[in-house]
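See structure below.
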Amino acid sequence: MRVESITGEQMQQPLRRLHLLYHEIRPSESRYSYVLEPGSFERQVDLFAHMRESKSCELWPEVTFDDGHISDFELAAPRLQSRGMTARFFITTGWTGKKSGYMDWPELRTLHEAGHSIGAHGWTHKLLTHCSDNELQTELSMSRLTLEDKLGTSIATMSLPGGRANRRVLDACAEAGYVQVYTSVPQAENLPLGTTVGRVNIHGGVQLEWIAKLFEPDGSALSRLHRQYRMKEAAKKLLGDRLYTGLWAMVNRREPETDGGGEGAE
């Protein structure tokens, strides 16, 4: 089922989207793969702005962020806005104003008022596939209702912590009022968007040339990435979440107290 209508502005744009997934921008050096330094992010945003201005653009870049890091507000948003771009910020609602290094409600209101989109990313970042029915209610409904109450706007989008989902989780998202669920499946999407939306996770070590190849008309780079994702999903099933998360944390050099204590492993 397709659920997003096409606006007049979008009719002037390519009808295919590639959503990029970011987490944290940090001025200090970090070996953690989910952290980008500002210069790298700025060069990537320049690339996206150039693509959007090109008449030959066939795949429209969209920027999204998970978790709600304060750097999204302080470092990412100004670089986007200076280039006339907005992003979608998915917020771990229970961390807002509570956890060091994450946004508070004034920052979220400012992003919303500046034209950025706000979505939910759970309440505690717990993997939804590990949740009981009551925990799903907290992670999904409480997160959405709190965001709506604090921001004074409807919240209809959700991104999956750790990219984890199954039929039960997707049904619970729909029941909780989410129209679209953003995943970690690296694929382009046609407009109008459907109930699930794939994204490409951008790590700190990726080269600008590699990102540019994802947008090439033949789609070979994106197809290779999708095949790698399927192999990774098979490894998750074989190893189980606990062992896979430990290996993921080691390979990605996860820092303590980041992304829900390692439950963000994708």
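Just so you know, residue 1 is the first one in the sequence shown, and it goes up from there.
Across Leu214, Leu15, Leu18, a single residue satisfies side-chain contact (heavy atoms from CB on, under 4.5 Å) together with Leu59, and that is Leu18. For the ring-ring contact (aromatic ring centres under 6.0 Å, His included) with Phe90, the qualifying choice from Tyr182, Tyr178, Trp95 is Tyr182, the only one to do so.
Within the 3.5 Å criterion, the main-chain N or O of His50 finds no donor-acceptor partner in the side chain of Glu53. Judged by distance alone, the side chain of Arg16 and the main-chain N or O of Glu189 form no donor-acceptor pair under 3.5 Å. Looking at Thr92, its side chain never comes within 3.5 Å of a backbone N or O of Trp123 through a donor-acceptor pair. Side chain of Asp218 to main chain of Ser220: a donor-acceptor pair is present (N/O by atom type, distance under 3.5 Å, no hydrogens or angles). Put simply, the side chain of Ser71 gets close to the backbone of Ile25: a donor and an acceptor are under 3.5 Å apart. Checking side-chain atoms of Thr129 against main-chain N and O of Ala165 turns up no donor-acceptor pair under 3.5 Å. Counting only distance, with no hydrogens or angles, the side chain of Thr110 and the backbone of Pro106 share a donor-acceptor pair below 3.5 Å.
Atoms CZ and OG1, from Phe89 and Thr157 in turn, are 12.5 Å apart once rounded to the nearest 0.5 Å. Note: Leu108 CG to Tyr102 OH = 13.5 Å, rounded to the nearest 0.5 Å. Note that the OG atom of Ser143 and the CD atom of Gln137 stand 11.5 Å from one another [nearest 0.5 Å]. Put simply, NZ on Lys150 and CD1 on Ile91 are 14.5 Å apart, with the number rounded to the nearest 0.5 Å. From Ser154, atom OG reaches atom CD1 of Ile118 across 12.0 Å, with rounding to the nearest 0.5 Å. A distance of 8.5 Å separates CE of Met103 from CZ of Phe73, quoted to the nearest 0.5 Å.
Two residues are said to be in side-chain contact when any heavy atoms from C-beta on lie closer than 4.5 Å; Pro38 and Leu75 meet this criterion. Within the 4.5 Å cutoff, no side-chain heavy atoms of Glu107 are placed close to those of Thr96. His125 is listed as a side-chain neighbour of Asp67, based on a closest heavy-atom distance under 4.5 Å. In this structure, the side chains of Leu128 and Pro161 come closer than 4.5 Å at one or more pairs of heavy atoms. Side-chain contact between Gln44 and Leu36 is present, with heavy atoms from C-beta onward closer than 4.5 Å. Using a 4.5 Å heavy-atom cutoff, the side chains of Trp105 and Thr146 are in contact. Contact check for Ile211 versus Val206: side-chain heavy atoms found under the 4.5 Å cut-off. Residues Arg88 and Val197 form no side-chain contact, since every pair of their non-hydrogen atoms from C-beta on lies 4.5 Å or further apart.
Gly162 approaches Leu127 most closely through the heavy-atom pair CA-CD2, 3.9 Å. The minimum heavy-atom distance linking Ile155 with Gly119 is given by the pair CG2-CA, 4.1 Å. When all heavy atoms of Gly163 and Ser184 are compared, the pair lying nearest together is CA-OG, 3.6 Å. Smallest separation of non-hydrogen atoms from Pro186 and Leu222: O-CD1, 3.8 Å. Minimum interatomic distance between Ser159 and Asp66 (heavy atoms only, all atoms of both residues): OG-OD1, 3.0 Å.
Ion pairing of Glu37 with Arg43 is present here, as a side-chain N (NZ or NE/NH1/NH2) and a carboxylate O approach within less than 4.0 Å. Using a cutoff of 4.0 Å between basic side-chain nitrogens and carboxylate oxygens, Glu113 and Arg109 are not scored as salt-bridged. The residues Glu62 and Arg52 are annotated as salt-bridged, a charged nitrogen and a carboxylate oxygen being separated by less than 4.0 angstrom.
Leu170 and Tyr229 fall into different hydrophobic clusters, where Ile, Leu, Val, Met, Phe, Trp and Tyr residues are linked whenever their side-chain heavy atoms come under 4.5 Å apart, directly or through other members. The hydrophobic clustering, which links ILVMFWY residues whose side-chain heavy atoms are closer than 4.5 Å, places Trp210 and Phe41 together. Both Val45 and Met51 are part of a single hydrophobic cluster, where members link through side-chain heavy atoms under 4.5 Å apart. Taken together through direct or relayed side-chain contacts under 4.5 Å among Ile, Leu, Val, Met, Phe, Trp and Tyr, Phe65 and Val185 form parts of separate hydrophobic clusters. When hydrophobic clusters are built by joining Ile, Leu, Val, Met, Phe, Trp and Tyr residues whose side-chain heavy atoms come closer than 4.5 Å, directly or via intermediates, Leu47 is grouped together with Phe215.
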**Asked** So Glu42 and Arg79, salt bridge (Lys or Arg N to Asp or Glu O under 4.0 Å) or not? Walk me through it.
**Response** CA-CA 6 Å; Glu42 191 160 1; Arg79 287 167 169 80; 3.3 Å; yes
**Request:** Would you sort out whether Arg168 and Asp133 count as a salt bridge (Lys or Arg N to Asp or Glu O under 4.0 Å), showing the intermediate values?
**Result:** CA-CA 10 Å; Arg168 171 175 170 263; Asp133 290 345; 3.0 Å; yes
**Request:** Check the pair Asp149, Leu147 against side chain to side chain contact (heavy atoms under 4.5 Å, CB included), reporting the backbone distance first and the verdict last.
**Result:** CA-CA 5 Å; Asp149 179 63; Leu147 284 169; over 6 Å; no
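Annotation for Glu216: atom CD counts as buried by contact number, over 12 foreign heavy atoms lying within 6.0 Å.
His112 is linked by a ring pair (Phe, Tyr, Trp, His ring centres under 6.0 Å) to nothing, counting only residues two or more places apart in sequence or in another chain.
Checked by atom type, the side-chain pair Glu139/Thr124 shows a donor-acceptor distance below 3.5 Å. Between the side chains of His116 and Gln81, at least one donor N or O lies within less than 3.5 Å of an accepting N or O. In this structure, a donor-acceptor pair under 3.5 Å is absent between the side chains of Glu24 and Tyr32.
Here the two rings, on His203 and Tyr34, have centers that are under 6.0 Å apart.
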